[in-house]
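Working notes, beginning with the structure itself.
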Amino acid sequence: MSAAITRRAFKPNWTARIGWLALAAYCVLAFSSLEITWDRFLIGLENGSKFLGSMIPPSFERWRLLLNNLLETLEIAVISSALGVALSLPIGLSASRNLMPTWATWPARIIIAICRSFHPVIFAILFVKAVGFGPLAGILTLVFASIGFIGKLFAEAIEEISLKPVEACRAAGAPFMSVILYAVLPQVLNRFIGFATYQFDANIRNSTMVGIVGAGGIGGTLFAAFQRFDYDFLAAILISIIVLVMLGEYVASIVKAVFND
(Lines give C-alpha, C1' and ligand atoms only; values in the text may rest on other atoms or scores of the structure.)
Protein backbone atom coordinates (compact mmCIF):
# COMPACT_ATOMS: atom_id res chain seq x y z
CA MET A 1 0.00 0.00 0.00
CA SER A 2 1.23 3.42 -0.83
CA ALA A 3 1.56 5.85 2.00
CA ALA A 4 -1.30 8.28 2.29
CA ILE A 5 -0.39 11.72 1.05
CA THR A 6 -1.83 14.52 3.12
CA ARG A 7 -2.39 17.82 1.43
CA ARG A 8 -3.40 21.13 2.85
CA ALA A 9 -6.58 22.63 1.50
CA PHE A 10 -5.00 26.08 1.49
CA LYS A 11 -1.37 26.96 1.02
CA PRO A 12 0.14 28.91 3.90
CA ASN A 13 0.35 32.63 3.19
CA TRP A 14 3.76 33.43 4.60
CA THR A 15 3.51 37.07 3.60
CA ALA A 16 0.38 37.52 5.71
CA ARG A 17 1.92 35.61 8.63
CA ILE A 18 5.07 37.74 8.56
CA GLY A 19 2.89 40.84 8.40
CA TRP A 20 0.88 39.78 11.47
CA LEU A 21 4.08 38.97 13.37
CA ALA A 22 5.53 42.36 12.44
CA LEU A 23 2.34 44.08 13.59
CA ALA A 24 2.40 42.20 16.92
CA ALA A 25 6.06 43.07 17.45
CA TYR A 26 5.38 46.74 16.71
CA CYS A 27 2.45 46.82 19.16
CA VAL A 28 4.64 45.35 21.91
CA LEU A 29 7.41 47.85 21.14
CA ALA A 30 4.99 50.78 21.06
CA PHE A 31 3.33 49.70 24.30
CA SER A 32 6.67 49.51 26.08
CA SER A 33 7.82 52.91 24.77
CA LEU A 34 4.67 54.73 25.99
CA GLU A 35 5.52 54.14 29.66
CA ILE A 36 2.19 52.50 30.45
CA THR A 37 2.42 50.77 33.82
CA TRP A 38 0.02 48.89 36.05
CA ASP A 39 0.63 51.38 38.88
CA ARG A 40 -0.46 54.30 36.72
CA PHE A 41 -3.58 52.37 35.77
CA LEU A 42 -4.49 51.75 39.42
CA ILE A 43 -3.86 55.42 40.29
CA GLY A 44 -6.10 56.38 37.38
CA LEU A 45 -8.90 54.17 38.68
CA GLU A 46 -8.67 55.82 42.11
CA ASN A 47 -8.68 59.33 40.64
CA GLY A 48 -11.52 58.40 38.34
CA SER A 49 -13.65 57.15 41.20
CA LYS A 50 -13.11 60.41 43.09
CA PHE A 51 -13.99 62.42 39.99
CA LEU A 52 -17.20 60.47 39.39
CA GLY A 53 -18.11 60.79 43.06
CA SER A 54 -17.84 64.58 42.86
CA MET A 55 -20.33 64.59 39.97
CA ILE A 56 -23.11 63.01 42.03
CA PRO A 57 -25.75 64.30 42.38
CA PRO A 58 -25.93 66.43 39.19
CA SER A 59 -27.06 70.02 39.60
CA PHE A 60 -29.73 71.44 37.28
CA GLU A 61 -30.07 74.76 39.13
CA ARG A 62 -28.79 76.70 36.08
CA TRP A 63 -31.26 75.04 33.76
CA ARG A 64 -31.92 78.22 31.77
CA LEU A 65 -28.25 78.50 30.80
CA LEU A 66 -28.22 74.79 30.02
CA LEU A 67 -31.34 75.00 27.87
CA ASN A 68 -30.10 78.03 25.91
CA ASN A 69 -26.81 76.32 25.15
CA LEU A 70 -28.56 73.11 24.10
CA LEU A 71 -30.80 75.06 21.73
CA GLU A 72 -27.78 76.81 20.24
CA THR A 73 -26.06 73.46 19.81
CA LEU A 74 -29.13 72.04 18.07
CA GLU A 75 -29.37 75.08 15.79
CA ILE A 76 -25.72 74.71 14.80
CA ALA A 77 -26.24 71.02 14.01
CA VAL A 78 -29.40 71.59 11.95
CA ILE A 79 -28.05 74.52 9.91
CA SER A 80 -24.67 72.90 9.25
CA SER A 81 -26.31 69.60 8.27
CA ALA A 82 -28.68 71.31 5.83
CA LEU A 83 -25.91 73.35 4.20
CA GLY A 84 -23.50 70.43 4.20
CA VAL A 85 -26.00 68.10 2.52
CA ALA A 86 -26.94 70.74 -0.05
CA LEU A 87 -23.30 71.34 -0.97
CA SER A 88 -22.40 67.65 -0.90
CA LEU A 89 -24.89 66.84 -3.66
CA PRO A 90 -23.15 68.74 -6.50
CA ILE A 91 -19.66 68.02 -5.14
CA GLY A 92 -20.31 64.29 -4.80
CA LEU A 93 -21.91 64.20 -8.25
CA SER A 94 -18.93 66.01 -9.75
CA ALA A 95 -16.56 63.54 -8.06
CA SER A 96 -18.23 60.46 -9.58
CA ARG A 97 -15.90 59.15 -12.29
CA ASN A 98 -18.53 57.12 -14.13
CA LEU A 99 -20.67 60.17 -14.98
CA MET A 100 -18.34 63.17 -15.04
CA PRO A 101 -15.19 63.95 -17.05
CA THR A 102 -11.75 63.99 -15.45
CA TRP A 103 -11.52 67.79 -15.41
CA ALA A 104 -14.58 67.85 -13.11
CA THR A 105 -13.81 64.88 -10.87
CA TRP A 106 -10.32 65.92 -9.79
CA PRO A 107 -11.25 69.36 -8.35
CA ALA A 108 -14.25 67.82 -6.57
CA ARG A 109 -12.14 65.05 -5.10
CA ILE A 110 -9.53 67.57 -3.97
CA ILE A 111 -12.26 69.53 -2.13
CA ILE A 112 -13.50 66.33 -0.46
CA ALA A 113 -9.94 65.36 0.50
CA ILE A 114 -9.30 68.78 2.06
CA CYS A 115 -12.53 68.58 4.05
CA ARG A 116 -11.55 65.11 5.30
CA SER A 117 -7.93 65.97 6.09
CA PHE A 118 -8.48 67.61 9.49
CA HIS A 119 -10.45 66.85 12.61
CA PRO A 120 -13.44 69.16 13.21
CA VAL A 121 -11.66 70.70 16.21
CA ILE A 122 -8.81 71.81 13.91
CA PHE A 123 -11.30 73.40 11.53
CA ALA A 124 -13.04 75.00 14.51
CA ILE A 125 -9.79 76.61 15.68
CA LEU A 126 -9.16 77.96 12.17
CA PHE A 127 -12.66 79.38 11.79
CA VAL A 128 -12.66 80.87 15.29
CA LYS A 129 -9.48 82.68 14.30
CA ALA A 130 -11.07 83.77 11.00
CA VAL A 131 -14.61 84.82 11.99
CA GLY A 132 -14.34 85.06 15.78
CA PHE A 133 -16.01 83.22 18.61
CA GLY A 134 -19.59 82.10 18.28
CA PRO A 135 -21.97 79.84 16.35
CA LEU A 136 -20.81 80.97 12.88
CA ALA A 137 -17.44 79.30 13.40
CA GLY A 138 -19.20 76.11 14.50
CA ILE A 139 -21.53 76.12 11.49
CA LEU A 140 -18.66 76.58 9.03
CA THR A 141 -16.70 73.84 10.77
CA LEU A 142 -19.48 71.27 10.55
CA VAL A 143 -20.34 72.25 6.97
CA PHE A 144 -16.79 71.32 5.96
CA ALA A 145 -17.01 68.10 7.97
CA SER A 146 -20.31 67.21 6.30
CA ILE A 147 -18.92 67.80 2.81
CA GLY A 148 -15.96 65.57 3.54
CA PHE A 149 -18.12 62.69 4.75
CA ILE A 150 -21.28 62.86 2.62
CA GLY A 151 -19.50 64.00 -0.55
CA LYS A 152 -17.18 61.00 -0.51
CA LEU A 153 -19.88 58.44 0.24
CA PHE A 154 -22.28 59.97 -2.27
CA ALA A 155 -19.63 59.85 -5.00
CA GLU A 156 -18.89 56.20 -4.21
CA ALA A 157 -22.61 55.37 -4.23
CA ILE A 158 -23.02 56.93 -7.68
CA GLU A 159 -20.02 55.01 -9.00
CA GLU A 160 -21.71 51.74 -7.98
CA ILE A 161 -25.00 52.33 -9.85
CA SER A 162 -26.11 50.48 -12.94
CA LEU A 163 -25.45 52.56 -16.06
CA LYS A 164 -28.23 50.95 -18.12
CA PRO A 165 -30.92 53.46 -17.02
CA VAL A 166 -28.43 56.28 -17.66
CA GLU A 167 -27.73 55.04 -21.17
CA ALA A 168 -31.45 54.62 -21.85
CA CYS A 169 -32.18 58.21 -20.80
CA ARG A 170 -29.31 59.52 -22.89
CA ALA A 171 -30.46 57.49 -25.90
CA ALA A 172 -33.91 59.05 -25.54
CA GLY A 173 -32.34 62.50 -25.73
CA ALA A 174 -32.95 63.46 -22.10
CA PRO A 175 -30.97 66.45 -20.81
CA PHE A 176 -28.32 66.04 -18.12
CA MET A 177 -30.53 67.03 -15.18
CA SER A 178 -33.25 64.62 -16.30
CA VAL A 179 -30.67 61.83 -16.42
CA ILE A 180 -29.67 62.66 -12.84
CA LEU A 181 -33.26 62.90 -11.57
CA TYR A 182 -34.71 59.83 -13.29
CA ALA A 183 -31.75 57.48 -13.79
CA VAL A 184 -29.23 58.24 -11.03
CA LEU A 185 -31.10 59.61 -8.02
CA PRO A 186 -33.64 56.74 -7.68
CA GLN A 187 -30.75 54.28 -7.40
CA VAL A 188 -28.94 56.15 -4.61
CA LEU A 189 -31.78 57.93 -2.79
CA ASN A 190 -32.13 55.47 0.11
CA ARG A 191 -28.38 55.39 0.69
CA PHE A 192 -28.15 59.15 0.51
CA ILE A 193 -30.92 59.53 3.10
CA GLY A 194 -28.95 57.19 5.35
CA PHE A 195 -25.77 59.23 4.83
CA ALA A 196 -27.59 62.49 5.58
CA THR A 197 -29.29 61.26 8.74
CA TYR A 198 -26.05 59.78 10.04
CA GLN A 199 -24.24 63.07 9.41
CA PHE A 200 -26.97 64.98 11.26
CA ASP A 201 -26.48 62.64 14.20
CA ALA A 202 -22.72 63.17 13.99
CA ASN A 203 -23.12 66.95 13.76
CA ILE A 204 -25.11 66.96 17.00
CA ARG A 205 -22.20 65.26 18.74
CA ASN A 206 -19.57 67.38 17.02
CA SER A 207 -21.43 70.62 17.80
CA THR A 208 -20.99 69.87 21.50
CA MET A 209 -17.27 69.34 20.92
CA VAL A 210 -16.30 72.32 18.76
CA GLY A 211 -17.72 74.67 21.38
CA ILE A 212 -14.76 73.79 23.60
CA VAL A 213 -12.55 75.95 21.37
CA GLY A 214 -15.11 78.77 21.19
CA ALA A 215 -17.22 77.72 18.17
CA GLY A 216 -20.56 78.09 19.95
CA GLY A 217 -22.84 75.57 21.55
CA ILE A 218 -22.73 73.86 24.90
CA GLY A 219 -19.08 72.87 24.58
CA GLY A 220 -17.92 76.22 25.93
CA THR A 221 -20.07 75.83 29.03
CA LEU A 222 -18.78 72.29 29.44
CA PHE A 223 -15.16 73.45 29.30
CA ALA A 224 -15.88 76.31 31.73
CA ALA A 225 -17.40 73.86 34.20
CA PHE A 226 -14.22 71.77 34.01
CA GLN A 227 -12.06 74.82 34.69
CA ARG A 228 -14.15 75.87 37.70
CA PHE A 229 -14.23 72.32 39.13
CA ASP A 230 -18.00 72.63 38.95
CA TYR A 231 -18.46 68.91 38.57
CA ASP A 232 -22.10 68.63 39.65
CA PHE A 233 -23.09 71.09 36.91
CA LEU A 234 -20.75 69.22 34.58
CA ALA A 235 -22.74 66.05 35.21
CA ALA A 236 -25.95 67.89 34.32
CA ILE A 237 -24.35 69.06 31.05
CA LEU A 238 -23.23 65.54 30.16
CA ILE A 239 -26.67 64.11 30.88
CA SER A 240 -28.25 66.81 28.71
CA ILE A 241 -25.86 66.04 25.85
CA ILE A 242 -26.73 62.33 26.05
CA VAL A 243 -30.45 63.15 25.92
CA LEU A 244 -29.91 65.48 22.95
CA VAL A 245 -27.95 62.85 21.03
CA MET A 246 -30.58 60.20 21.74
CA LEU A 247 -33.32 62.54 20.48
CA GLY A 248 -31.27 63.17 17.35
CA GLU A 249 -30.96 59.43 16.72
CA TYR A 250 -34.72 59.03 17.23
CA VAL A 251 -35.49 61.79 14.73
CA ALA A 252 -33.01 60.29 12.25
CA SER A 253 -34.69 56.87 12.53
CA ILE A 254 -38.10 58.44 11.86
CA VAL A 255 -36.79 60.25 8.77
CA LYS A 256 -35.27 57.05 7.37
CA ALA A 257 -38.49 55.13 8.04
CA VAL A 258 -40.56 57.77 6.22
CA PHE A 259 -38.37 57.72 3.13
CA ASN A 260 -38.10 53.94 3.09
CA ASP A 261 -41.89 53.65 3.07
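Hydrogens, waters and symmetry mates play no part in the numbers below; they use all other heavy atoms, side chains included. Counting from 1, the numbers follow the sequence of the chain as shown.
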ask   = Can you tell me if OH on Tyr231 sees more than 12 non-hydrogen neighbours from other groups inside 6.0 Å?
value = yes

request  = Determine, stepwise, if the pair Ile56 / Leu52 fulfils side chain to side chain contact (heavy atoms under 4.5 Å, CB included).
outcome  = CA-CA 7 Å; Ile56 300 173; Leu52 292 177; 5.6 Å; no

task = Mind listing the closest non-hydrogen atom pair of Val188 and Ala157 along with its distance?
result = CG1-O, 3.7 Å

inquiry  = Are the side chains of Ile79 and Leu142 in contact, using a 4.5 Å heavy-atom criterion?
reply    = no

query = When you look at Phe149 and Cys115, which way does the side chain to side chain contact (heavy atoms under 4.5 Å, CB included) test go after all the steps?
reply = CA-CA 8 Å; Phe149 178 80; Cys115 293; over 6 Å; no

key: With sequence neighbours excluded, residues passing ring-ring contact (aromatic ring centres under 6.0 Å, His included) with Phe133   = none

ask   = With a 4.5 Å limit on heavy-atom distance, are the side chains of Leu222 and Leu238 in contact?
value = yes

request  = Using the salt bridge (charged side-chain N to carboxylate O under 4.0 Å, His left out) rule, collect all pairs that involve residues 217-241, keeping only residues at least two apart or in two chains.
outcome  = Arg62-Asp230, Arg228-Asp230

note = Residue set satisfying ring-ring contact (aromatic ring centres under 6.0 Å, His included) with Phe233, at least two apart, ordered chain then number -> none

Min side-chain heavy-atom separation Leu126-Lys129 under 4.5 Å = no

task = Not counting sequence neighbours, which residues clear ring-ring contact (aromatic ring centres under 6.0 Å, His included) with Phe144? List them please.
result = Phe123, Phe127

query = Below 4.5 Å, heavy atoms only, C-beta onward: do Ile161 and Val166 meet side chain to side chain?
reply = yes

inquiry  = Taking Thr102's backbone N and O only, do any of them form a donor-acceptor pair with Thr105's side chain (distance below 3.5 Å, no angle check)?
reply    = yes

ask   = If we only count heavy atoms from C-beta on, is the Glu160 to Gln187 side-chain gap below 4.5 Å?
value = no

task = Name all residues meeting the ring-ring contact (aromatic ring centres under 6.0 Å, His included) criterion together with Phe192; count only those two or more places apart in sequence or in a different chain, and write none if there are none.
result = Phe154

query = So does Glu61 have more than 12 non-hydrogen atoms from other groups sitting under 6.0 Å from CD?
reply = no

key: Any side-chain heavy-atom pair of Ile180 and Leu99 under 4.5 Å   = yes

message = Evaluate Glu156 against Arg191 for side chain to side chain contact (heavy atoms under 4.5 Å, CB included), listing each step before the verdict.
response = CA-CA 11 Å; Glu156 292 178 351; Arg191 295 181 65 181; 5.8 Å; no

key: Flag for Asn68-Glu72: side-chain donor and acceptor within less than 3.5 Å   = no

remark   = Under a side-chain separation threshold of 4.5 Å, the hydrophobic residues clustered together with Met209 are Val121, Ile125, Val213

